[in-house]
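Just so we're on the same page: letters track the sequence lines, and every chain starts at 1.
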Amino acid sequence: MDALARSNFIGKEAQPDAARPWIFTRPTAKTGIVSWLTTVDHKRIGLLYGMSALFFFLVGGVEALMIRIQLAVPNNTFVSHAVYNELFTMHATTMIFLAVMPLSAAFFNYIMPLQIGARDVAFPRLNGFAYWVFLAGAIILNVGWFMRSGAPDIGWFGYAPLTSKAFSNQFASDVSTDLWIMGLQILGVSSIIGSLNFIVTIINLRAPGMTMMRMPVFTWMTLVTAFLIILSFPAITIALVELMMDRSFDTNFFEVSKGGLPILWQHLFWVFGHPEVYILILPAMGIISEILPTFSRKPLFGYPIVVFSGACIGFLGFGVWSHHMFTTGMGTVATAAFALMTMAIAVPTGVKIFNWIGTLWGGHLSMRTPMMFALGFVWMFMMGGFSGIMHSAAPADSQQQDSYFVVAHFHYVLIGGSVFALLAGIHYWFPLVFGRKVSELWGKLSFWVIFIGFNTTFFPMHFLGLNGMPRRTAVYDGNMGWNTPNFIATVGAFILAVGIGIYFAVMIYTYFKGEKAGRDPWDGRTLEWSLPNPPPEYNYAVIPTIHARDAYWYEKHHRDEIARENAEHAQAEASHGGIHMPSQSWFPLVTALGLLGGGLCFGCKDAINATMSGWGMTGHNFGILFAIGFGVMVFLGALLWALEAPGGYHVHAEEEKH
Amino acid sequence: MPQQAQCHFGRRSSAAPRGNHYRTLAESPWVFRETSPFGFGENPIAAAFVGARSEFIVPGVNGASGSIFHPQSAEAHAIAHLFTITLIICAVIFAVVLGLVVYSLVRFRGREGEADPEQIAGNKKVEIVWTIIPMIIVGVLFALTVQAMQVSDPPLETKPDLVVIGHQWWWEIRYPNTGIVTANEIHIPVGKQLSIRLDTADVLHEFWVPQLTRKMTTVPLLGNHVWMEARKSGVYEGVCSEFCGTQHAWMRFQVVAEPQEQYDAWVRNQQRKAPETATVAAARRGWRLFNDMTCVNCHAIQGTPARGTAGPDLTHLASRRTLGSVIVPNTPENLRRWLADPQQVKPGVKMPNFKLTDEQVSDLVEYLGSLK
């Protein structure tokens, strides 16, 4: 039998190992704080990612509101120039690395294994580690707010040579830039670990019959995004290591006076930075490709083309980085080449949009809240896409670059695109994850307030940019013709904030008091909807066999065949001792704590050394010594992780009640 | 100060004055920078509504200063033209696609109790059509881009008419042909295409005069060039558009385009060296202060021993329109505020507070005011 041969867990019963010292035994708590700290369950890790991302979404949102208050009127003094620079640096860094990316990661973690019929990801402990490392990086990035140095203030792009000690340190032991460097490096570790895990999971743990071309598009986009991450993050890691060496050990990668090349930073940064844009948008496109078919009651139009164009966007995304550098004087040939490559991306993107319309065409559309957000995505993402095409015309970009036109463009892509899709996804999968359904009235109300607030904020910025307002200016004069659009944008930002507030207030209410949702509330098409909600720890009582692209839709129309198969598989699995589950572990958390301490000490070494010498202790680089201490903790954490008991246990799925 | 420039302030000189578009420099609201207890600048609501009346009737059409829709050079014109065409192409596609979405929303709305729609998975012909059409559009767009690049692309390395050097946070302007050195104020003759070489003394800056020239980053050692030309006389606003540190927002400059005779007169004036001795007693005391304090370490005054290069050349400070990189008008009161505490006028500026007495400030203002 096929399912037997390819069963995901053929293992021996784990032997209870009484001889091991306690440190090598695996924790077993199923509830309470310990169960969360040691969890290896992809669904719990997904929730942790989601909650952290939403927290930082809130932080980044407050930063955005402060920026908009400052810019509401000309020559405002709400915050100083220096604080303003910290705000826009941290707003961008937070929203990209700590809000949108981890929110996508939350969906990857929670939904992707369910969509391919797996019981967990390939490396459950590594999955937990990726989350805790993410949290460590997030803390290091933000810790500056509570220090004398303040938060990083060099822009999220950190262009050399402004990042050198000579230009970015406001006083000798200013460590804000060092913390930014350490935080981003550690976040890169987390992203790469998580992505490798997803790739291995998607390649190896698909249920029998789930061929690559039967995978849901969201899973496909997870795969493409994971490849983008493992290929692009090394570039920024190299750049960050070089910068760290420049700042810590006086190397000369970007030091002009010693022959360094500041422009090298830009190339390395954007070789990462442009694929990063697709890392943010491809998961969103995946979510949209799930929602539109469900609420049109039709399969996705042109599935192979949608998948292929997603992959194509990923490939092309690596060949367009220099369109961020059209104004650095690259020369005519390079400029023309990158302009052409950039325009080329419009083709697969356009094809995706056409296929989504093809999905709507001839369907029976049901205008539920997730569908509203999805359609809002199509519209708003198109707006952002078109201003993107305007940038790709290099001479036009030489006027738009670094102006508010660009600010409008990428907020249309990132809020109108990514965030709308993620909000759609939260609404869509909420009944599956929490077993309750969000009220349609409040859901739709939040959609309209967000939609209006978003457009009121960002549409006027197109005009500001074309009228010459540069980005990243803490103040502007009242006689430039920029007053009204700026004031409108600020009003819009508050409307947007109210909309987001309604959205999440309703979510919290629903979590506690919402209407209970039955199984498969949307009449879904993909496998995850076959599960009871919330899904049990082991996901699938019986690993399903896949016969068609919209697997669950097929199942619903071939119940007898599926029931017969499932009975066979259940029997086969029972003969192996039941469902095999991985054990929890402390060591992902311990190892990540080592990284947190090490990153903090290395990042703050100048401040630590200054403090120590204040106490009369000099002669050693204490910051680095402490960091080495935490490095030992990382090493020991990984070592003990390797040596702990193999763990694993079997469960027997209860009879499901319908 | 050229009179024409004063009253037009970066706007089209041919248009008749409309409402309060045509403020002179002295009337401009930047004069007020007092801090209110609520953390707002001067009367925020009033400011917003004044803006609503005068400046946002139709953005980009009313001649707001710095709009790329009012190009005054061949280069800026080519760029504006390309942008407009791209905008039209995009708008048409957008309208068609959005129309299709709206049509499907109306036409294919589901009803209760309907049977499932036909489960169509795709259509090869349609896919080919909607792949090829965008490819053709991209081809057209690329051809237009290359065409515009021929006009708007920076000149190859030529002998520059002007060298502009970005500093944190001001602009040094050098005229290699006449030896003039000035700051934050570029004078050019109307109707001449000039080649500008861009350099930086520290970090990356970006040179941008929306109506006259494209953006270009000042990259250390790279020596970028741009064209600049003004077809009409007037004062054009320029900014640094690459984030360059604390005072990035206040790293501005102005381009004063004048008819050839006025420009020549300006050149002749700028070429004069500063007088060896001042005639007024206060100014003489000011000059001694300038020499005795560390001013000379950073600032140069041609014709005197002051040779510093870290700060702006002050040889003809009094002839300039603004102070502090176009943040306040160049008046004795503002100069006094600046000297009393530069950090208060421009927080983070590299010039320290010398804690001068009132008397010292008056003497220095008198001396610097004599440098016409």
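- Both the backbone and the side chain of R297(A) have a heavy atom closer than 4.5 Å to some heavy atom of chain B.
- Proximity to chain B involves both the backbone and the side chain of F386(A), based on heavy atoms less than 4.5 angstrom apart.
- Here the closest non-hydrogen pair linking F326(A) and H391(A) is CE1-O, 3.8 Å.
- Considering every non-hydrogen atom in both M341(A) and L316(A), the closest pair reads CE-CD2, 3.9 Å.
- Each of H81(B), M251(B), Q168(B) has some count of heavy-atom pairs under 4.5 Å with chain A, and the biggest count is that of Q168(B).
- Residue A115(B) touches chain A through its backbone alone, counting heavy-atom pairs closer than 4.5 Å.
- When heavy atoms are compared at a cutoff of 4.5 Å, D202(B) approaches chain A by way of both its backbone and its side chain.
- Between R111(B) and E114(B), at least one side-chain nitrogen of the basic residue sits less than 4.0 Å from a carboxylate oxygen of the acidic one, meeting the salt-bridge criterion.
- A ring-centre distance under 6.0 Å is not found for H205(B) and W169(B).
- Contact of S257(A) with chain B is not made at all, since no heavy-atom distance falls under 4.5 Å.
- By the neighbour-count criterion of 12 heavy atoms within 6.0 Å, atom NE2 of H77(B) is sparsely surrounded, having that number or fewer from other residues, nucleotides or ligands.
- Most heavy-atom pairs under 4.5 Å with chain A: of the set E118(B), R214(B), K215(B), R107(B), this distinction falls to K215(B).
- Between the side chain of T217(B) and the backbone N or O of T327(A) there is at least one donor-acceptor pair closer than 3.5 Å.
- When ring centroids are compared, W361(A) and Y103(B) come within the 6.0 Å threshold.
- Interface check for chain B: of the options A396(A), P348(A), G362(A), A82(A), the most heavy-atom pairs under 4.5 Å are formed by G362(A).
- In this structure, chain A has a heavy atom under 4.5 Å from the side chain of E206(B), while its backbone stays farther away.
- Counting heavy-atom pairs under 4.5 Å between each of L222(B), V226(B), I93(B), I89(B) and chain A puts I93(B) at the top.
- With a 4.5 Å cut-off on side-chain heavy atoms, V328(B) and T322(B) do not count as touching.
- A heavy-atom distance below 4.5 Å is not found between the side chains of R549(A) and L300(A).
- Of the two parts of A160(A), only the backbone, made up of N, CA, C and O, holds a non-hydrogen atom closer than 4.5 Å to a non-hydrogen atom of chain B.
- Residue with the most contacts toward chain B among K298(A), R472(A), M367(A), Q399(A): Q399(A) (heavy-atom pairs, distance under 4.5 Å).
- The heavy-atom pair separating H323(A) from F338(A) by the smallest distance is N-CB, 4.4 Å.
- In this structure, chain B has a heavy atom under 4.5 Å from the side chain of P262(A), while its backbone stays farther away.
- Ranked by heavy-atom pairs under 4.5 Å with chain B, the list G329(A), P395(A), G302(A) is led by P395(A).
- Looking at W553(A), the atoms closer than 4.5 Å to chain B (heavy atoms on both sides) all sit in the side chain, from C-beta outward.
- For F405(A), the part lying under 4.5 angstrom from a heavy atom of chain B is the side chain only.
- Looking at F88(A), only its side chain comes within 4.5 Å of chain B, counting heavy atoms on both sides.
- Heavy atoms of V239(B) lying under 4.5 Å from chain A belong exclusively to its side chain.
- L464(A) does not touch chain B: none of its heavy atoms, backbone or side chain, sits under 4.5 Å away.
- Of all heavy-atom pairs between S296(A) and P117(B), the closest is O-CG, 3.9 Å.
- The minimum heavy-atom distance between S403(A) and W208(B), with the atom names listed, is CB-CH2, 4.0 Å.
- Contacts between M325(A) and chain B at a heavy-atom distance below 4.5 Å are absent for every atom of the residue.
- If you measure heavy-atom distances from L82(B) to chain A, the contacts under 4.5 Å come from the side chain alone.
- Interface residue I353(A): only side-chain heavy atoms are found under 4.5 Å from chain B.
- Atom CD of Q343(B) has more than 12 neighbouring heavy atoms from other residues, nucleotides or ligands inside a 6.0 Å radius.
- Between F157(A) and F243(B), the two ring planes are perpendicular [angle over 60°; tilted spans 30° to 60°].
- The parts of D116(B) that come within reach of chain A are both its backbone and its side chain, each placing non-hydrogen atoms under 4.5 angstrom from that chain.
- Contact of L204(B) with chain A is made through backbone and side chain together, with heavy-atom distances under 4.5 Å.
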May I have the list of side-chain donor-acceptor pairs in residues 128-141 of chain B shorter than 3.5 Å, sequence neighbours left out?
residue: W130(B); atom: NE1; partner: E127(B); partner atom: OE1; Å: 2.9
residue: T131(B); atom: OG1; partner: E127(B); partner atom: O; Å: 2.6

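- Chain B forms more heavy-atom pairs under 4.5 Å with one residue of G363(A), G350(A), P293(A) than with any other, namely G363(A).
- Remark: side-chain polar atoms of H462(A) are paired, donor with acceptor, to backbone N or O of F459(A) under 3.5 angstrom.
- Residue Q170(A) does not touch chain B at all, counting heavy-atom pairs closer than 4.5 Å.
- Closest of all the heavy-atom pairs between A474(A) and Q70(A) is O-NE2, 2.8 Å.
- Only the backbone of T213(B) has a heavy atom closer than 4.5 Å to any heavy atom of chain A.
- D550(A) does not touch chain B: none of its heavy atoms, backbone or side chain, sits under 4.5 Å away.
- For Q266(A), the part lying near chain B is the side chain, with the backbone staying farther off; criterion is any non-hydrogen pair under 4.5 Å.
- Put simply, of S309(A), P470(A), S398(A), the one with the most heavy-atom pairs under 4.5 Å next to chain B is S398(A).
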